[in-house]
Amino acid sequence: KQLIRGDCMSNDNIFVNVDDATGEVSFYVANEMPSRVHGLVVRDDGQDYIYINANSSRAMQEEAYRHEQKHIKHGDLDSSLPVSTLEANR
């Protein structure tokens, strides 16, 4: 996997993640968020976007990124389970 700096939006730190094995593309966006939120993932028009708290430490940002990737990999965005259950499984 590799992170490539992109310039899709002018005010955000945007990175594109390309999975070498599958070719799947996801976007990583660093934004300011409340301190208790380290990351989240949303789907818009069939594309997954991972938002990471720009104020978190680099180590926490990397952990949050991996955590959100697990939600994508396990199909959590399509799940009807409560968020608390999904979080407990990741």
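No hydrogens, no waters, no symmetry mates; every other heavy atom, side chains included, goes into these values.
Judged as a salt bridge (charged side-chain N to carboxylate O under 4.0 Å, His left out), and not counting sequence neighbours, Glu63 has no contacts. With sequence neighbours left out, His71 forms a side chain to side chain contact (heavy atoms under 4.5 Å, CB included) with Val41, His67, Glu68, Asp76, Leu86, Glu87, Arg90. For Arg66, there are no salt bridge (charged side-chain N to carboxylate O under 4.0 Å, His left out) partners at least two apart in sequence or on another chain. The salt bridge (charged side-chain N to carboxylate O under 4.0 Å, His left out) test applied to Asp44 returns no partner, not counting sequence neighbours. Remark: His38 engages no residue in a ring pair (Phe, Tyr, Trp, His ring centres under 6.0 Å) (not counting sequence neighbours).
Residues Arg43 and Tyr49 have side chains not in contact (no heavy-atom distance under 4.5 Å, counting atoms from C-beta outward).
Atom CD in Gln69 sits 4.0 Å away from atom CD1 in Ile50 (nearest 0.5 Å). To the nearest 0.5 angstrom, Arg36 atom CZ is 12.5 Å from Ser56 atom OG.
Cluster note: Val83 groups with no other residue, as no ILVMFWY side-chain heavy atom lies under 4.5 Å from it.
Minimum interatomic distance between Tyr51 and Val42 (heavy atoms only, all atoms of both residues): CE1-CG2, 3.5 Å. Across Met33 and Asn53, no two heavy atoms sit closer than the pair O-ND2, 3.1 Å.
Two different hydrophobic clusters hold Leu81 and Ile72 under the rule that ILVMFWY side chains link at heavy-atom gaps under 4.5 Å. In the hydrophobic clustering of this structure, Met60 does not group with Leu40; members are Ile, Leu, Val, Met, Phe, Trp, Tyr whose side-chain heavy atoms approach within less than 4.5 Å, directly or through other members.
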